[in-house]
2 protein chains.
Amino acid sequence: MLDATFAALADPTRRAILARLAQGEATVSELAAPFAMSQPAVSKHLKVLEKAGLITRGRDAQRRPCRLAAEPLREATEWLAGYRDYWEESFQRLDSLLRGME
Amino acid sequence: MLDATFAALADPTRRAILARLAQGEATVSELAAPFAMSQPAVSKHLKVLEKAGLITRGRDAQRRPCRLAAEPLREATEWLAGYRDYWEESFQRLDSLLRGME
DNA sequence: GTGATATAAAACCATCAAGTTAAATAACTG
DNA sequence: CAGTTATTTAACTTGATGGTTTTATATCAC
(Lines give C-alpha, C1' and ligand atoms only; values in the text may rest on other atoms or scores of the structure.)
Protein backbone atom coordinates (compact mmCIF):
# COMPACT_ATOMS: atom_id res chain seq x y z
CA MET A 1 0.00 0.00 0.00
CA LEU A 2 3.02 2.29 0.39
CA ASP A 3 3.14 2.71 -3.39
CA ALA A 4 -0.37 4.13 -3.52
CA THR A 5 0.12 6.23 -0.40
CA PHE A 6 3.31 7.92 -1.54
CA ALA A 7 1.96 8.37 -5.07
CA ALA A 8 -1.15 10.04 -3.65
CA LEU A 9 0.98 12.34 -1.50
CA ALA A 10 3.16 13.36 -4.44
CA ASP A 11 0.51 15.75 -5.73
CA PRO A 12 0.14 19.19 -4.08
CA THR A 13 -3.58 19.36 -4.81
CA ARG A 14 -4.10 16.11 -2.97
CA ARG A 15 -1.96 17.20 -0.03
CA ALA A 16 -4.03 20.39 0.16
CA ILE A 17 -7.21 18.32 0.15
CA LEU A 18 -5.88 16.25 3.04
CA ALA A 19 -4.96 19.42 4.91
CA ARG A 20 -8.49 20.69 4.45
CA LEU A 21 -9.95 17.39 5.62
CA ALA A 22 -7.80 17.47 8.73
CA GLN A 23 -10.12 20.31 9.84
CA GLY A 24 -13.11 18.05 9.34
CA GLU A 25 -15.48 16.46 6.85
CA ALA A 26 -16.17 18.29 3.58
CA THR A 27 -18.18 17.75 0.40
CA VAL A 28 -16.69 17.48 -3.07
CA SER A 29 -17.75 21.00 -4.05
CA GLU A 30 -16.35 22.45 -0.84
CA LEU A 31 -13.08 20.69 -1.53
CA ALA A 32 -13.05 21.79 -5.17
CA ALA A 33 -13.78 25.48 -4.48
CA PRO A 34 -10.22 26.68 -3.66
CA PHE A 35 -8.69 25.15 -6.78
CA ALA A 36 -8.36 26.62 -10.26
CA MET A 37 -9.43 23.40 -11.88
CA SER A 38 -12.67 21.76 -12.88
CA GLN A 39 -14.74 19.84 -10.37
CA PRO A 40 -14.30 16.52 -12.24
CA ALA A 41 -10.56 16.97 -11.88
CA VAL A 42 -10.98 17.21 -8.12
CA SER A 43 -13.24 14.16 -8.19
CA LYS A 44 -10.38 12.27 -9.82
CA HIS A 45 -8.01 13.36 -7.08
CA LEU A 46 -10.53 12.18 -4.51
CA LYS A 47 -10.71 8.82 -6.21
CA VAL A 48 -6.93 8.53 -6.01
CA LEU A 49 -7.04 9.40 -2.31
CA GLU A 50 -9.85 6.93 -1.72
CA LYS A 51 -8.03 4.11 -3.50
CA ALA A 52 -4.99 4.86 -1.36
CA GLY A 53 -7.21 4.57 1.72
CA LEU A 54 -6.51 8.15 2.71
CA ILE A 55 -10.13 9.21 2.67
CA THR A 56 -13.51 7.56 3.11
CA ARG A 57 -16.76 8.86 1.76
CA GLY A 58 -20.26 8.95 3.15
CA ARG A 59 -23.62 9.81 1.70
CA ASP A 60 -25.78 12.80 2.59
CA ALA A 61 -28.52 13.25 -0.02
CA GLN A 62 -26.73 14.33 -3.23
CA ARG A 63 -23.55 15.00 -1.34
CA ARG A 64 -20.67 12.57 -0.81
CA PRO A 65 -18.88 13.99 2.23
CA CYS A 66 -15.21 13.03 2.54
CA ARG A 67 -13.39 12.21 5.73
CA LEU A 68 -9.69 11.84 6.37
CA ALA A 69 -8.51 8.30 7.09
CA ALA A 70 -5.02 8.75 8.43
CA GLU A 71 -3.96 5.14 8.83
CA PRO A 72 -1.90 5.04 5.60
CA LEU A 73 -0.16 8.20 6.79
CA ARG A 74 0.86 6.33 9.89
CA GLU A 75 2.25 3.49 7.79
CA ALA A 76 4.18 5.94 5.64
CA THR A 77 5.56 7.63 8.72
CA GLU A 78 6.62 4.29 10.10
CA TRP A 79 8.49 3.49 6.91
CA LEU A 80 10.25 6.84 7.03
CA ALA A 81 11.07 6.34 10.69
CA GLY A 82 13.41 3.54 9.62
CA TYR A 83 15.69 6.23 8.22
CA ARG A 84 15.69 8.62 11.12
CA ASP A 85 19.26 7.63 12.02
CA TYR A 86 20.43 9.31 8.86
CA TRP A 87 19.44 12.78 9.89
CA GLU A 88 20.50 12.51 13.49
CA GLU A 89 21.34 16.18 14.02
CA SER A 90 18.08 17.33 12.53
CA PHE A 91 16.21 14.50 14.24
CA GLN A 92 16.46 16.40 17.49
CA ARG A 93 14.51 19.20 15.83
CA LEU A 94 11.81 16.84 14.57
CA ASP A 95 11.64 15.23 17.96
CA SER A 96 10.95 18.51 19.69
CA LEU A 97 8.46 19.39 16.98
CA LEU A 98 6.55 16.20 17.71
CA ARG A 99 6.76 16.77 21.45
CA GLY A 100 5.45 20.27 20.98
CA MET A 101 2.43 18.92 19.17
CA GLU A 102 1.34 16.53 21.88
CA MET B 1 10.42 19.47 -2.97
CA LEU B 2 7.78 17.29 -1.32
CA ASP B 3 6.35 16.48 -4.74
CA ALA B 4 9.61 14.99 -5.95
CA THR B 5 10.31 13.24 -2.67
CA PHE B 6 6.96 11.49 -2.41
CA ALA B 7 6.98 10.66 -6.12
CA ALA B 8 10.42 9.08 -5.72
CA LEU B 9 9.24 7.06 -2.74
CA ALA B 10 6.18 5.78 -4.61
CA ASP B 11 8.26 3.20 -6.49
CA PRO B 12 9.22 -0.04 -4.72
CA THR B 13 12.46 -0.38 -6.70
CA ARG B 14 13.54 3.04 -5.49
CA ARG B 15 12.57 2.33 -1.89
CA ALA B 16 14.60 -0.89 -2.11
CA ILE B 17 17.54 1.11 -3.42
CA LEU B 18 17.28 3.50 -0.50
CA ALA B 19 17.09 0.57 1.90
CA ARG B 20 20.26 -0.83 0.39
CA LEU B 21 21.99 2.55 0.63
CA ALA B 22 21.03 2.83 4.28
CA GLN B 23 23.64 0.07 4.81
CA GLY B 24 26.26 2.19 3.10
CA GLU B 25 27.61 3.46 -0.20
CA ALA B 26 27.13 1.28 -3.29
CA THR B 27 27.94 1.41 -6.99
CA VAL B 28 25.35 1.37 -9.75
CA SER B 29 26.03 -2.25 -10.66
CA GLU B 30 25.85 -3.33 -7.03
CA LEU B 31 22.51 -1.58 -6.74
CA ALA B 32 21.26 -3.06 -10.02
CA ALA B 33 22.23 -6.65 -9.25
CA PRO B 34 19.20 -7.69 -7.15
CA PHE B 35 16.69 -6.47 -9.72
CA ALA B 36 15.24 -8.27 -12.72
CA MET B 37 15.68 -5.24 -14.92
CA SER B 38 18.37 -3.77 -17.12
CA GLN B 39 21.12 -1.59 -15.76
CA PRO B 40 19.92 1.51 -17.65
CA ALA B 41 16.55 1.12 -15.94
CA VAL B 42 18.26 1.25 -12.56
CA SER B 43 20.30 4.24 -13.73
CA LYS B 44 17.02 6.00 -14.46
CA HIS B 45 15.74 5.27 -10.97
CA LEU B 46 18.97 6.64 -9.57
CA LYS B 47 18.49 9.81 -11.58
CA VAL B 48 15.01 10.21 -10.10
CA LEU B 49 16.42 9.71 -6.61
CA GLU B 50 19.21 12.17 -7.31
CA LYS B 51 16.85 14.84 -8.61
CA ALA B 52 14.74 14.39 -5.50
CA GLY B 53 17.89 14.95 -3.45
CA LEU B 54 17.63 11.51 -1.90
CA ILE B 55 21.04 10.36 -3.06
CA THR B 56 24.34 11.96 -3.98
CA ARG B 57 26.96 10.44 -6.21
CA GLY B 58 30.70 10.42 -6.08
CA ARG B 59 33.39 9.31 -8.47
CA ASP B 60 35.74 6.36 -8.05
CA ALA B 61 37.44 5.52 -11.36
CA GLN B 62 34.68 4.21 -13.66
CA ARG B 63 32.33 3.84 -10.73
CA ARG B 64 29.79 6.40 -9.52
CA PRO B 65 29.16 5.35 -5.93
CA CYS B 66 25.81 6.43 -4.50
CA ARG B 67 25.19 7.64 -0.98
CA LEU B 68 21.94 8.19 0.84
CA ALA B 69 21.05 11.83 1.51
CA ALA B 70 18.23 11.68 3.96
CA GLU B 71 17.33 15.36 4.30
CA PRO B 72 14.27 15.08 2.01
CA LEU B 73 13.14 12.12 4.09
CA ARG B 74 13.24 14.37 7.11
CA GLU B 75 11.11 16.97 5.33
CA ALA B 76 8.62 14.30 4.30
CA THR B 77 8.49 13.02 7.86
CA GLU B 78 7.89 16.52 9.14
CA TRP B 79 4.99 16.99 6.76
CA LEU B 80 3.50 13.70 7.90
CA ALA B 81 4.06 14.69 11.51
CA GLY B 82 1.42 17.37 11.03
CA TYR B 83 -1.12 14.54 10.85
CA ARG B 84 0.25 12.52 13.67
CA ASP B 85 -1.94 14.02 16.33
CA TYR B 86 -4.89 13.63 13.98
CA TRP B 87 -4.61 9.89 13.83
CA GLU B 88 -3.65 9.57 17.45
CA GLU B 89 -6.75 11.59 18.27
CA SER B 90 -8.97 9.40 16.14
CA PHE B 91 -7.54 6.30 17.77
CA GLN B 92 -8.31 7.85 21.09
CA ARG B 93 -11.83 8.65 19.94
CA LEU B 94 -12.24 5.09 18.71
CA ASP B 95 -10.77 3.86 21.92
CA SER B 96 -13.20 5.81 24.10
CA LEU B 97 -16.06 4.77 21.83
CA LEU B 98 -15.14 1.14 22.38
CA ARG B 99 -14.80 1.72 26.11
CA GLY B 100 -18.21 3.40 26.16
CA MET B 101 -19.75 0.34 24.53
CA GLU B 102 -18.64 -2.08 27.19
C1' DG C 1 46.43 1.90 -28.55
C1' DT C 2 43.30 -2.27 -27.56
C1' DG C 3 40.18 -4.31 -24.95
C1' DA C 4 37.39 -4.78 -20.90
C1' DT C 5 34.44 -2.66 -17.28
C1' DA C 6 31.19 0.80 -15.38
C1' DT C 7 27.88 3.95 -16.41
C1' DA C 8 25.14 7.28 -19.08
C1' DA C 9 22.54 8.74 -23.13
C1' DA C 10 19.46 8.08 -27.01
C1' DA C 11 15.61 6.40 -29.27
C1' DC C 12 11.70 4.02 -28.82
C1' DC C 13 7.30 1.89 -26.88
C1' DA C 14 3.44 1.08 -23.75
C1' DT C 15 1.07 2.61 -20.01
C1' DC C 16 -0.47 5.91 -16.70
C1' DA C 17 -1.51 10.62 -14.81
C1' DA C 18 -3.76 15.03 -14.83
C1' DG C 19 -6.34 17.92 -16.95
C1' DT C 20 -10.31 19.23 -20.20
C1' DT C 21 -15.49 19.27 -21.85
C1' DA C 22 -19.77 17.11 -22.32
C1' DA C 23 -23.10 13.82 -20.93
C1' DA C 24 -25.15 10.74 -17.37
C1' DT C 25 -26.86 9.68 -12.74
C1' DA C 26 -28.89 10.67 -8.20
C1' DA C 27 -31.48 13.17 -5.07
C1' DC C 28 -33.75 17.23 -3.54
C1' DT C 29 -37.48 21.08 -4.47
C1' DG C 30 -41.51 23.20 -6.05
C1' DC D 1 -43.34 15.89 -13.41
C1' DA D 2 -39.74 19.64 -14.41
C1' DG D 3 -35.91 21.88 -12.85
C1' DT D 4 -31.80 22.37 -9.95
C1' DT D 5 -27.82 20.76 -7.40
C1' DA D 6 -24.09 17.45 -6.43
C1' DT D 7 -21.31 14.23 -8.27
C1' DT D 8 -19.62 10.64 -11.46
C1' DT D 9 -18.54 8.76 -15.93
C1' DA D 10 -16.89 8.94 -20.63
C1' DA D 11 -13.98 10.37 -24.27
C1' DC D 12 -10.20 12.78 -25.31
C1' DT D 13 -5.40 15.34 -25.14
C1' DT D 14 -0.97 15.97 -23.37
C1' DG D 15 2.88 14.85 -21.02
C1' DA D 16 5.35 11.91 -17.67
C1' DT D 17 6.98 7.04 -16.19
C1' DG D 18 9.11 2.76 -16.51
C1' DG D 19 10.83 -0.29 -19.18
C1' DT D 20 13.51 -1.94 -23.42
C1' DT D 21 17.78 -2.15 -26.70
C1' DT D 22 21.55 0.04 -28.80
C1' DT D 23 25.20 3.30 -28.73
C1' DA D 24 28.42 6.42 -26.54
C1' DT D 25 31.67 7.93 -22.91
C1' DA D 26 35.04 7.35 -19.30
C1' DT D 27 38.50 4.88 -16.98
C1' DC D 28 41.36 1.12 -16.02
C1' DA D 29 44.67 -2.75 -17.30
C1' DC D 30 47.65 -4.58 -20.47
Side-chain angles (χ1 to χ4, degrees), chain A residues 1-21 23-69 72 76, chain B residues 1-21 23-69 72 76:
Chain A
M1 235 24 234
L2 277 179
D3 280 31
T5 302
F6 283 130
L9 295 180
D11 187 283
T13 301
R14 289 192 291 261
R15 288 199 305 277
I17 288 172
L18 293 180
R20 166 64 187 78
L21 289 177
Q23 329 260 105
E25 204 167 273
T27 68
V28 176
S29 1
E30 283 165 357
L31 291 171
F35 299 107
M37 71 179 66
S38 66
Q39 177 268 316
V42 172
S43 269
K44 276 195 185 178
H45 283 301
L46 292 175
K47 186 176 271 185
V48 172
L49 290 168
E50 189 178 23
K51 277 195 178 159
L54 284 162
I55 65 172
T56 61
R57 328 174 75 164
R59 166 70 81 176
D60 165 29
Q62 314 108 28
R63 266 142 260 136
R64 310 292 314 278
C66 302
R67 254 169 285 110
L68 186 56
Chain B
M1 223 39 224
L2 278 179
D3 280 31
T5 302
F6 282 129
L9 295 180
D11 187 282
T13 302
R14 288 192 292 260
R15 288 199 306 277
I17 289 172
L18 293 180
R20 167 64 187 78
L21 290 177
Q23 329 258 106
E25 205 167 272
T27 67
V28 176
S29 2
E30 283 165 356
L31 291 171
F35 299 106
M37 71 179 68
S38 65
Q39 172 268 312
V42 173
S43 270
K44 277 194 183 182
H45 283 302
L46 293 175
K47 185 177 273 185
V48 172
L49 290 168
E50 189 178 24
K51 277 195 177 161
L54 283 162
I55 65 171
T56 60
R57 327 175 75 163
R59 168 69 82 177
D60 165 29
Q62 316 106 28
R63 268 144 257 136
R64 309 292 314 277
C66 302
R67 250 168 287 110
L68 186 55

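Note on naming: letters A, B, ... go to the chains in the order of the sequence lines (proteins, then strands), and numbering restarts at 1 for each one.
Atom CG of B:Asp60 is separated from atom P of D:dA26 by 17 Å (rounded to the nearest Å). Between the CD atom of A:Gln62 and the C1' atom of C:dT25 there is a distance of 12 Å, rounded to whole Å. Look at CZ on A:Phe35: it is 12 Å from P on C:dT20, rounded to the nearest Å. Rounded to an integer number of Å, the gap from CG of A:Leu49 to P of C:dA17 is 13 Å. Counting to the nearest Å, the P atom of C:dT15 and the CG atom of B:Asp11 are 18 Å from each other. Straight-line distance from the CZ atom of B:Arg14 to the P atom of D:dG19: 8 Å, rounded to whole Å. Rounded to an integer number of Å, the gap from CD1 of A:Ile17 to P of C:dA18 is 11 Å. Atom CD of A:Glu30 and atom C1' of D:dT5 are 14 Å apart (whole Å).
In this structure, CG on A:Leu31 lies 10.5 Å from CD on A:Gln39, to the nearest 0.5 angstrom.
Neither OP1 nor OP2 of D:dC28 sits under 4.0 Å from any side-chain N or O of B:Arg63. OP1 or OP2 of C:dA17 has not a single side-chain nitrogen or oxygen of A:His45 nearer than 4.0 Å. Residue A:Ser29 places no side-chain N or O under 4.0 Å from the OP1 or OP2 atom of D:dA6. Between B:Arg59 and D:dA26 there is no side-chain polar atom (N or O) within less than 4.0 angstrom of OP1 or OP2. Between B:Arg57 and C:dA6 there is no side-chain polar atom (N or O) within less than 4.0 angstrom of OP1 or OP2. Put simply, A:Ser38 has a side-chain N or O that comes within less than 4.0 Å of OP1 or OP2 on C:dT20.
Using a 4.0 Å heavy-atom cutoff across all strands shown, A:Ala41 reaches at least one base atom of the nucleic acid.
Distances were taken from every side-chain heavy atom of B:Arg64 (C-beta onward) to each of C:dA8, C:dT21, C:dA26; the shortest belongs to C:dA8. Comparing C:dA18, C:dA27, D:dT21 by their closest approach to the side chain of A:Val48 singles out C:dA18. Relative to the side chain of A:Ser43, the nucleotides D:dT22, D:dT8, C:dA27 differ in distance, and D:dT8 lies closest. Each of D:dT27, D:dT7, D:dT9 was ranked by its minimum atom distance to the side chain of A:Gln39; first place goes to D:dT7. Side chain of A:Met37, nearest nucleotide from D:dT20, C:dT20, C:dA18: C:dT20. Each of D:dG18, D:dA6, C:dA6 was ranked by its minimum atom distance to the side chain of B:Lys44; first place goes to D:dG18.
Between B:Arg15 and A:Phe6 the shortest side-chain heavy-atom distance falls below 4.5 Å. Residues B:Met37 and B:Thr13 form a side-chain contact, since some pair of their non-hydrogen atoms from C-beta on lies under 4.5 Å apart. Contact annotation: the side chain of A:Thr27 never approaches that of A:Asp60 to less than 4.5 Å [non-hydrogen atoms, C-beta and beyond]. Under the 4.5 Å side-chain criterion, counting only non-hydrogen atoms from C-beta, A:Arg67 is not in contact with A:Arg57.
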**Study point:** Full working for side chain to side chain contact (heavy atoms under 4.5 Å, CB included) between A:Leu54 and A:Leu9
**Key:** CA-CA 10 Å; A:Leu54 284 162; A:Leu9 295 180; 4.3 Å; yes
